[in-house]
Amino acid sequence: MCGIIGYIGGENSAGKLATGLKNLEYRGYDSAGIALIEDGVDVYKQEGTIDDLRIPSAKAQLGIGHTRWSTHGKPTDENAHPHTDCTGDVAVVHNGIIANYQDLKAELPGHVFKSNTDTEVIPHLIEEQLTTGAELLPAVKRVLSRLEGSFAIAVAHAETDGIIVARQDSPLVVGHDVDEMYVGSDVTAFIDYTKRVSYLHDGDIAHITSDGFEVFNDGERVDRPVETVDWDASSAGKAGYDHYMHKEIHEQPNALRQALSGRIDTLAGEVDLDVSLEDEVFTQCEHVQVVACGTSYHAGLCAKRLIESVTDVPVTVTIASEYEVHDGFDPDTTIAIAITQSGETADTLAAIRTAIGYGMTTMAITNTVGSTVTREVDETVHINAGPEIGVAATKTFLSQVATATLFAVFLGRKRETITASEATTILESLRSLPSAVQEILDDERQIRKLAHEYADGDSFFFIGRKAGHAVALESALKLKEISYDHAEGFAAGELKHGPLALVTPRTPVMAILTEGTAPAETLNNVKEVESRGAPVIGLSSNGTAQSFCDHVIDVPEIGLLEPFAANVALQLFAYHVAKTKGRNIDKPRNLAKSVTVD
Ligand code: M6R
């Protein structure tokens, strides 16, 4: 995930920006850069690590810097931030996605663009405003009103005092010191220098000078109080959380917004995935084959449910290491999709290469721009979750599911197997998912209490039907990975065919009872385990669990996608069980983030 740092005040802005960039390294990045304002704008940027970046010993008192994690355009020197306009007087760094950048670019004939990024359109739009005689602040305000998507930006200009910053769905924090001010995508960026911070809100635009800042929202001057953070520099990389996994669980509302940004038109019931494959590939498709491993395989099971519910296309999902191609299918009408957060998993690459060998159209749903899978398949859809450092996948799972939902609706609309209004219903549920997830996160105290109460169980069962089954499998994987306890996910109806023999009062059972999981049927299975003495935690959205379970976790009512909001509660449950046991949560024993061996 990209990082922003800005500084204004003393003469050592280059040094302060360099420290800020180093502190932002934990977010993951593939290129970095700074712009210093002294006699004009000097930009130093390149692909690679911050240590590779040649930072001069200039005496500039103002500068902005950036660590880039690619979304639009590969990691190259040209695509690194800051980006400038044609005059070279305006420099911009940006986090997030400008969804309508191509339309905006089309309005700028005569402007020379040097990168493939969405960001570069911003300095050029500002340049246009400045040529009409506008001051920098109103110029940036006008440009912001044209941008669609999620973003945080910092703008510096050769002849204007101060830094202009703005945020929309992407965090931005201002740091205060004596005659010095900072801006960062989080406090980490400047924690070495000050702990006094102001948090900007969505829609804020601020003018920062060395002696303070002014913030505006919706045309009105607003107050953003100065608070003191109590972190030390060593915990700052995790933004105050004890573990990356915990931080990444909490990043999910934002990660989801990024996955959806610029892709859905809820009113029209349309999805734009920006794919270049011919329409016939989708309209004539007779079979989808998904290949994936681990958590991504579980996302594949969710994708199957979603695609089959809105199209007439059968979907098979295969654990990548088990993938074989059988006779009796037509490669010309088959799309093989690799789901892989890293894009580097050896088993998944081997499977998708098999599909390529048979002549199928291939796609990837991945988090990693420029990864191996993206170079081999015909089409890639990025999930835009930002880097995930904890070995246990959390935010990438949910973003994969959100992206798979987009693909399902996209395919359904292309094949006309769903109407626009049916698509609208699904997209509304999808749009509600980030705030539903936030509500679950806000309920963490209850989930932590349950985790503490049941942490010493002999074994943990997760049960559900339909999408609830995929969530049960994923939740069990999460718990076993980080707590080292035995945990298993079951199709709820299967318990009576064997696993029920294991159920005792020491096997807590988590039951997924939300919309879209056939809760009435699963309640019969809840009764089966309860009569064997097992404590049951039910996750439901409309009180289904109230009278039948020992504990209830409420899931907000958002329709079809409720099981995926429930998944977040179970991520938190796994996290707190593991934390109680003092496990190495971010790097569980025997596991690696990216499994590049088969
Ligand atoms: O990078 P990928 O999505 O291809 O990785 C697949 C699995 O190795 C991965 O999901 C693994 O199961 C995670 N540790 C799960 O938390």
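Just so it is clear, the values below take in all heavy atoms, side chains as well, and ignore hydrogens, waters and symmetry mates. Just follow the structure's listing: the first ligand is 1, and inside any ligand the first atom is 1. Bear in mind the structure is a predicted one, so any value in this text is a computation, not a measurement.
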Mind listing the side-chain donor-acceptor pairs of residues 404-411 below 3.5 Å, one per line with the distance, residues two or more places apart or on another chain?
unit_1, atom_1, unit_2, atom_2, d
Thr405, OG1, Val401, O, 2.7

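- Under a 3.5 Å cut-off, the side chain of Asn384 and the backbone N or O of Ala259 do not form any donor-acceptor pair.
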Under a 3.5 Å threshold, I'd like every N/O contact between ligand 1 and protein atoms, with atom names and distance.
unit_1, atom_1, unit_2, atom_2, d
ligand 1, 1 (O), Ser342, N, 2.9
ligand 1, 1 (O), Ser342, OG, 2.6
ligand 1, 1 (O), Thr345, OG1, 3.3
ligand 1, 3 (O), Ser296, OG, 2.6
ligand 1, 3 (O), Gln341, N, 2.7
ligand 1, 4 (O), Thr340, OG1, 2.7
ligand 1, 4 (O), Thr345, OG1, 2.5
ligand 1, 5 (O), Thr345, OG1, 3.4
ligand 1, 10 (O), Thr295, N, 3.1
ligand 1, 12 (O), Thr295, N, 3.4
ligand 1, 14 (N), Val391, O, 3.2
ligand 1, 14 (N), Glu481, OE2, 2.6
ligand 1, 16 (O), Thr295, OG1, 3.3
ligand 1, 16 (O), Ala393, N, 2.8
ligand 1, 16 (O), Lys478, NZ, 2.8
ligand 1, 16 (O), Glu481, OE1, 2.7
ligand 1, 16 (O), Glu481, OE2, 3.1

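- Ser309 places a side-chain N or O within donor-acceptor distance of the main-chain N or O of Leu306, the cut-off being under 3.5 Å.
- Each of Glu251, Gln252, Glu248 was evaluated against Lys395; a single residue qualifies, Glu251, per the side chain to side chain donor-acceptor pair (under 3.5 Å) test.
- Between the side chain of Gln400 and the backbone N or O of Ala299, no donor-acceptor pair lies under 3.5 Å.
- In this structure, the side chain of Thr368 engages the main chain of Gln341 through a donor-acceptor pair within 3.5 Å.
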